[in-house]
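Below is one structure, written out as structure tokens, with a few remarks after it.
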Protein chains: 2
Amino acid sequence: MATQQRRERERAQRETLIVNAAREMAEADGWPAVTIRRLAERIEYSQPVLYSHFAGRGAIVDAVALQGIVELTGVFSAARTAAAPGGELAAVAQAYLDFANANPAVFEAIFTLAEGLPFGADAPEALKAAFAEIYAVFAPLAGDRDPDAFTEVGWAAIHGLASLGRDGRLRPDLLEQRLPILLDLFTKD
Amino acid sequence: MATQQRRERERAQRETLIVNAAREMAEADGWPAVTIRRLAERIEYSQPVLYSHFAGRGAIVDAVALQGIVELTGVFSAARTAAAPGGELAAVAQAYLDFANANPAVFEAIFTLAEGLPFGADAPEALKAAFAEIYAVFAPLAGDRDPDAFTEVGWAAIHGLASLGRDGRLRPDLLEQRLPILLDLFTKD
DNA sequence: TCGGATGTCTAGCGGTGCTAGAATTGTGAT
DNA sequence: ATCACAATTCTAGCACCGCTAGACATCCGA
């Protein structure tokens, strides 16, 4: 009946409510503050309801990560298509750093917390799409090297800059010098 | 009296016992398995004893991280001095990846878990020494760029490779291609 | 209207980091 | 050798965590 559909709709709505709440709480107070109890109180349901949507706390983190990946893909795509010819790499790389800076908790969820997201051949479509965006800007510069390996190296370099920078591991006063150096290395030859 | 010194000696001994136990447990079963209770049982003391040595669980993780940094510095130094002329960067980079691979829990402690270790100007001596080793291999290649910024970019690139690789984020079949590409980028010009 | 399925909640288990206060141990002076 | 004191260690417990069994309420189709 139609009620069935309404129920499913409401369920889906509540699921995104949970994911959004988790994300906001994580950005506001860090992931350790995102507990099932607090999350339940926030969405005004009891704890077991959360377990009817997700297998456990980890699955909620994974969901936030997945949402972030989808978002990230959109950011990449927008940056790449809006960039001047030849400036695609710079635009995407800058977008990567900006995203990591603006959404540190989501970034953390994607790259260090998520454990249920397969990153290999059977990765979710959103993840492959995100990698494809990175591939699109790096592969043309690969020259005679393997374009996949070259892209991975490029991704790793940007990612290292983002993650070390996010944790305060790099000198703030050199912030603006780093990305140009990196871009220079990848485009020079 | 002399007893005082003996006591301090025994205390220091017990402290390294704790750190070593934490490290071994983390490498064996992951950091979440390193609980105060298990740690206490392992060293055959009650939990409060741990708190007479460390401010809390986090401080123990920090201690493991610091020990790892000291070790890492030694590895770098050995790799660099043993390398053939011109091969220093390759040797240190490989040592970095090898260390991350051989001691994933320590690596995690250093770069994602440790929160009490200042990484800036007032970083511990061991950390500055480790960075100095990296600086020694990158700065000569900086050309007309700022050697500090150049070193940070180089470090970030290797670090990205190490951390993404450790978490299974990179294709295993491209493992051996990645480092040569990276070295090529940093030495080509 | 009513029986059954669906959904939600209350209450609780075993575990966590951490700590107050009791108990024990060792020390130095008498 | 004895004793008072200080340092050390332990027992017991708090508040919180993720998670779940079973009671309760609600809604639907016949």
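In what follows, every chain begins at residue 1, and chains take the letters A, B, ... in the order their sequences are listed.
- Taking a cutoff of 4.0 Å between a charged side-chain nitrogen and a carboxylate oxygen, Glu152(A) and Arg171(B) do not qualify as a salt bridge.
- Atom CD1 of Ile60(B) is separated from atom C1' of dC18(C) by 12 Å (rounded to the nearest Å).
- Atom CD in Glu10(B) sits about 11 Å away from atom P in dG26(C), given to the nearest Å.
- Side-chain polar atoms of Asn20(B) and Gln67(B) form a donor-acceptor pair below 3.5 angstrom.
- Between Gly56(A) and Arg11(B), the one whose closest nucleotide on DNA chain D sits nearer the 5' end is Arg11(B).
- For Glu27(A), there are no side-chain hydrogen bond (donor to acceptor under 3.5 Å, both in side chains) partners, not counting sequence neighbours.
- A distance of 9.5 Å separates CD1 in Ile60(B) from NE2 in His53(B), rounded to the nearest 0.5 Å.
- Rounded to an integer number of Å, the gap from CZ of Arg57(B) to C1' of dT16(C) is 10 Å.
- Near-neighbour residues of DNA chain D inside residues 47-55 of chain A, defined by a heavy atom below 4.0 Å, number-ordered: Pro48(A), Tyr51(A).
- Linking ILVMFWY side-chain heavy atoms closer than 4.5 Å, directly or via other members, places Tyr45(A) and Ile36(A) in a single hydrophobic cluster.
- Here Phe111(A) pairs with Phe107(A), His159(A) under the ring-ring contact (aromatic ring centres under 6.0 Å, His included) rule; sequence neighbours left out.
- The number of heavy atoms from other shown groups lying within 6.0 Å of CD (Glu44(A)) does not exceed 12.
- Phe119(A) and Leu170(B) fall within a single hydrophobic cluster, where Ile, Leu, Val, Met, Phe, Trp and Tyr are joined by side-chain heavy atoms under 4.5 Å apart, directly or via other members.
- Using a 4.0 Å cutoff on non-hydrogen atoms, no part of residues 15-28 of chain B comes near DNA chain D.
- To the nearest 0.5 Å, atom CG of residue Leu182(B) and atom CD1 of residue Ile158(B) are 6.0 Å apart.
- Comparing the axis of the opening five pairs of the helix from dT1(C)-dA30(D) to dT30(C)-dA1(D) with that of the closing five pairs yields an angle of 20°, rounded to 10°.
- With hydrogens and angles disregarded, a donor-acceptor distance shorter than 3.5 Å links the side chain of Glu88(A) to the backbone of Gly86(A).
- No side-chain donor-acceptor contact under 3.5 Å links Arg23(A) to the backbone of Ala105(A).
- Note: the hydrophobic cluster containing Leu17(B) also contains Val106(B) (ILVMFWY, side chain heavy atoms under 4.5 Å, direct or indirect links).
- A heavy atom lying under 4.0 Å from DNA chain D marks the following residues of residues 31-44 of chain A, by number: Val34(A), Thr35(A), Ile36(A), Arg37(A), Arg38(A).
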CA sep, side-chain torsions, deciding dist, call: Leu161(A), Tyr96(A), side chain to side chain contact (heavy atoms under 4.5 Å, CB included): CA-CA 10 Å; Leu161(A) 232 42; Tyr96(A) 197 104; over 6 Å; no
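- Contact annotation: Arg14(B) does not reach the phosphate of dT8(D) (side-chain N/O to OP1 or OP2, under 4.0 Å).
- Tyr45(A) has its OH atom 7 Å from the P atom of dC9(C), to the nearest Å.
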